[in-house]
Amino acid sequence: RKTPNNPPKRFKKFYPPPPPPPSLNIICVILTEITISDPAFGQSGLFATQHLSPGSLILPYLGEYHPGSGPGLQNSDGYDYSKSDYDLWLDREGDVAVDAARCGNEARFVNDYRGVPYHPPPPGPGAKQPKQQKGRPNAEFRVAWDERRQERVMSVWVLPEGKKGLNKGVERGGEVLVSYGRGFWEERRRGEQEGGDQEEE
């Protein structure tokens, strides 16, 4: 895989945390089965165990590194990376992607925000109850630089506050949600249509 010796300036750094005291809980997300009305009902999602501040790192996205295009998309054991729902570009210019379908960490369970109802935090004293809003992402995939490993890594971050300061992070107990992007869902629909056509034949 192609990895520069020094991180490009556009990459945000994150550092391995120092060893914590035994009593300090550094786990900021927990893997939980979804049991409410949700597109991912019966599956698992990532939920915050504490308030996650805007712009903060949640966890790296680990998996298998592989060529992002060409013959390298099919492994020697017959596995096809192009059909994986857990495959993300790490470096398009270097033709490197990371796939978490067969190995990885908790980040592979982060869900898309579409169809998930948004529950605004309770208003302060004397304030009006906010209107129910459509679901929206509160986190994003972002390429960062790992000082410990000296390489680029894919990772999951809380969305920044934004110019208007509207994003307040992820509340304790809230689900970490990203946007898979339109391309993901278009490819998913295309695959379902092709599968239906084959069944009809």
| request: List the steps, then state whether side chain to side chain contact (heavy atoms under 4.5 Å, CB included) holds for E175 with N111. | output: CA-CA 8 Å; E175 185 177 4; N111 289 316; 2.9 Å; yes

| Is V156 reachable from L62 through a run of hydrophobic residues whose side-chain heavy atoms are each under 4.5 Å from the next? | no

| message | For a quick test of reading the model, state the closest non-hydrogen atom pair linking G173 to F47 and the distance between them. | response | O-CD2, 3.5 Å

| task | Taking all heavy atoms of D146 and all of R148, pick out the closest pair and write down the distance. | result | OD1-N, 2.9 Å

| task | Just do the side chain to side chain contact (heavy atoms under 4.5 Å, CB included) check on N105 and L59 with the steps written out, would you? | result | CA-CA 9 Å; N105 62 341; L59 74 173; 3.9 Å; yes

| Shortest non-hydrogen contact from A139 toward V176 | CB-CG1, 3.7 Å

| query | Can Y65 and V96 be said to form a side chain to side chain contact (heavy atoms under 4.5 Å, CB included), step by step? | reply | CA-CA 7 Å; Y65 291 89; V96 179; 4.1 Å; yes

| request: State which residues pass side-chain contact (heavy atoms from CB on, under 4.5 Å) with S69; sequence neighbours excluded, sorted by chain then number. | output: D95

| Contacts of D87 that satisfy side-chain contact (heavy atoms from CB on, under 4.5 Å) - sequence neighbours left out | H66, Y81, S84, A97, D99

| said: Whether the side chain of D91 engages the backbone of G94 through a donor-acceptor N/O pair (distance < 3.5 Å, no angle test) should be reported. | reply: yes

| With N167 via side-chain contact (heavy atoms from CB on, under 4.5 Å) - residues at least two apart | P54, V158, L159

| task | Name all pairs fulfilling the salt bridge (charged side-chain N to carboxylate O under 4.0 Å, His left out) condition that reach into residues 62-83, sequence neighbours left out, sorted by first residue then second. | result | E64-R102, D77-R102

| query | Is the backbone of P71 close enough, under 3.5 Å, to the side chain of Q74 for a donor and an acceptor to pair up by distance? | reply | no

| request: Hey, could you give me each pair passing salt bridge (charged side-chain N to carboxylate O under 4.0 Å, His left out) that has a residue in residues 43-59? Not counting sequence neighbours. | output: none

| message | Angle between ring planes, F141 versus Y180, binned at 30° and 60°: parallel, tilted or perpendicular? | response | parallel

| said: Could you measure the distance from the CZ atom of R172 to the NE2 atom of H51? Nearest 0.5 Å is fine. | reply: 12.5 Å

| request: Sequence neighbours left out, what passes side-chain hydrogen bond (donor to acceptor under 3.5 Å, both in side chains) with E140? Give chain and number order. | output: R142

| message | Could you see if Y86 belongs to whatever hydrophobic cluster contains W89? Use Ile, Leu, Val, Met, Phe, Trp, Tyr and a side-chain cutoff under 4.5 Å. | response | no

| query | For Y113, is the NZ or CZ atom of R136 found under 6.0 angstrom from the centre of its six-membered ring and inside 45 degrees of the ring axis? | reply | no

| Flag, side chain of N138 to backbone of L177, donor-acceptor distance under 3.5 Å | yes

| A100 backbone acceptor or donor facing R108 side chain under 3.5 Å | yes

| Residue pair L57 / S155, side-chain heavy-atom distance below 4.5 Å | yes

| task | Can you measure from CG (L52) to CH2 (W157) and round to the nearest 0.5 angstrom? | result | 12.5 Å

| Shortest non-hydrogen contact between M154 and L90, atoms and distance | N-CD1, 3.4 Å

